[in-house]
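Notes to accompany the following structure.
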Amino acid sequence: MKGSVDFMRKRFVSGFMVIMFCLFMALPVNAMTVYESDGIVHEEGYIIIGESHAINTARAIGDRAEAAGNMFQWGGTDISYEFQWDGSIEVTPEGAPNTFRMKGNLFVVFEGISQKTDGKTQCSYEYIYSDGKGKQGRGVQKIHEIMDGNPNILHWNIISMCGASSAGKGKAVADICAASYRNWIEYEFPEADCYFLSIATNKKYYRHVQDRHVYNRTLAAAFPEEFLDYTDFYEERYPERLVDTIHWDDETYIDLIVDVLWKIEERRSAAEKDSPAEYAVTALQDILYTNDQTVVYDCPDFRGRVILHSCAGGLPVQISGVTDNGFYQIDLGGAVYYVPETGLSRSEQQ
């Protein structure tokens, strides 16, 4: 019953987003971000949210991804990322391309490149706002849009690099951001892992700020596990790697995200080691068939190592058991592996 309810909820959300997309298309906006699903099952998905730094990050990763055929491995993690930037839907008031499309298991949330409209929206602390009761900022809504539109991604990691503007507005704004992030963890995205990056306040952009460390200090105190401090990282690259008073070169953004992914992978590996999956196996002799959702794991756990990401449909598989956490135990040439129950079908035509 729960699976049916979840399925209907996803269908409702998807239908609602289509309606909202059509309405949004009719509004006089200056930017459009389109997040698409590649339909491939990914164990992990990553959503980066930010301001102009996020735009630069999306573009820099897009260039690297295109050179690698849109499939690569960073931080021990398999990444699929397709990025397109053009003027097919929206342009800035000056006529510059302001349409962004993304697909894969990595997405970047921002508004666009128009400083008068997009910049004002994405630089406000209201962009990441959540009151824990349903009132959400535009950035939070976009994260939900991505997650609802990609049910093929089994687990999400949300990485916020927001705060370049908020870091210069004192303790009150820092507290508002911390409260919103708390609601991300407890209310908005309870099944995801959230990470909050420190802001590089060592630049001249912050020279007039009375306490340039208050934003980072507030988040570090509020989220000792989720806050990732990159103060030393930025100090090592300042000022040689700056391209203006606040933005970094492409290599810095690439280095940053690769390091973040490594840290996430290290924490995930440590958690798996400390909390091994518990399950019981009931013997079962049967023949089932592969389908378009077939993924083979080395253990009955979505956090386990993937042996086979996909395969042709309709292939017979020998079943030797079923686990109480929803996996079939299979025999492949004498080796025991596991497939989620949705990954095998009764009929070879399914």
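Note that this is a predicted model, so its numbers are computed, not measured.
Between the side chains of Asn291 and Ser345, at least one donor N or O lies within less than 3.5 Å of an accepting N or O. Between the side chains of Asn105 and Glu44, not a single donor N or O lies within less than 3.5 Å of an accepting N or O. A donor-acceptor pair shorter than 3.5 Å cannot be found between the side chains of Asn98 and Asp86. Tyr195 and Glu226 are not linked by any side-chain donor-acceptor pair at a separation below 3.5 angstrom, with hydrogens and angles left out of the test. A donor-acceptor contact closer than 3.5 angstrom links the side chains of Gln329 and Ser320. A donor-acceptor contact closer than 3.5 angstrom links the side chains of Glu188 and His144. Side chains of Lys142 and Thr33: a donor on one and an acceptor on the other come within 3.5 Å. A donor-acceptor pair shorter than 3.5 Å can be found between the side chains of Tyr127 and Glu111. Residues Gln318 and Asp331 bring no donor and acceptor atom of their side chains to less than 3.5 Å of each other. Using modelled atom types, one finds a donor on one side chain and an acceptor on the other under 3.5 Å when comparing Ser52 with His247.
In this structure, the side chain of Tyr253 engages the main chain of Trp248 through a donor-acceptor pair within 3.5 Å. Counting only distance, with no hydrogens or angles, the side chain of Asn325 and the backbone of Pro300 share a donor-acceptor pair below 3.5 Å. Looking at Asp131, its side chain does come within 3.5 Å of a backbone N or O of Gly134 through a donor-acceptor pair. Under a 3.5 Å cut-off, the side chain of Lys203 and the backbone N or O of Ile246 do form a donor-acceptor pair. Of the possible polar contacts, none joining the Thr99 side chain to the Gly87 backbone as a donor-acceptor pair under 3.5 Å is found. With hydrogens and angles disregarded, no donor-acceptor distance shorter than 3.5 Å links the side chain of Arg182 to the backbone of Ala179. Remark: the backbone N or O of Ala164 is paired with a side-chain donor or acceptor of Glu51 at under 3.5 angstrom. Within the 3.5 Å criterion, the main-chain N or O of Phe233 finds no donor-acceptor partner in the side chain of Tyr238. The main-chain N or O of Gly314 is found under 3.5 Å from a side-chain atom of Thr290 such that the two form a donor-acceptor pair. When atom types are taken as modelled, the side chain of Thr294 and the backbone of Gly343 share a donor-acceptor pair closer than 3.5 angstrom.
The shortest heavy-atom contact between Asn183 and Gly132 is ND2-N, 3.4 Å. Across every non-hydrogen atom of Ile113 and Phe100, the tightest pair is CG2-CZ, 3.9 Å. Among all heavy-atom pairs drawn from Ile330 and Tyr338, the shortest one is CG1-N, 4.3 Å. Heavy-atom minimum distance, Ala167 versus Ile199: CB-CG2, 4.1 Å. Smallest separation of non-hydrogen atoms from Phe110 and Gly112: CD1-N, 3.8 Å. Scanning both residues, Gly50 and Cys162, for their nearest heavy atoms gives CA-SG, 3.4 Å.
Between the CG atom in Leu284 and the OG1 atom in Thr323 there is a gap of 11.5 Å [rounded to 0.5 Å]. Between Ile307 atom CD1 and Cys299 atom SG the span is 9.0 Å, to the nearest 0.5 Å. Here CD1 of Ile153 is found 7.5 Å from CD1 of Ile47. Values are rounded to the nearest 0.5 Å.
Screening residues 228-248 for salt bridge (Lys or Arg N to Asp or Glu O under 4.0 Å) gives Arg237-Asp255, Arg241-Asp249, Arg241-Asp255 as the qualifying pairs, with residues at least two apart or on separate chains.
Classified by interplanar angle (parallel below 30°, tilted 30° to 60°, perpendicular above 60°), the ring pair Trp156/Phe107 is tilted. Tyr81 and Phe83 have parallel rings, their planes meeting at less than 30° on a 0 to 90° scale where 60° marks the start of perpendicular.
Partners of Tyr181 under the ring-ring contact (aromatic ring centres under 6.0 Å, His included) rule, at least two apart in sequence or in another chain, are Trp184, Phe196.
When the options Arg268, Arg267, Lys263 are evaluated for a salt bridge (charged side-chain N to carboxylate O under 4.0 Å, His left out) with Glu265, the one that passes is Arg268.
Aromatic rings from Phe302 and Phe327 are positioned such that their centres are separated by under 6.0 Å.
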Using the rule given for side-chain hydrogen bond (donor to acceptor under 3.5 Å, both in side chains), can you reason through Asp324 versus Thr282, listing the C-alpha separation, both sets of side-chain angles and the distance that settles it, and then say yes or no? CA-CA 8 Å; Asp324 59 358; Thr282 300; over 6 Å; no
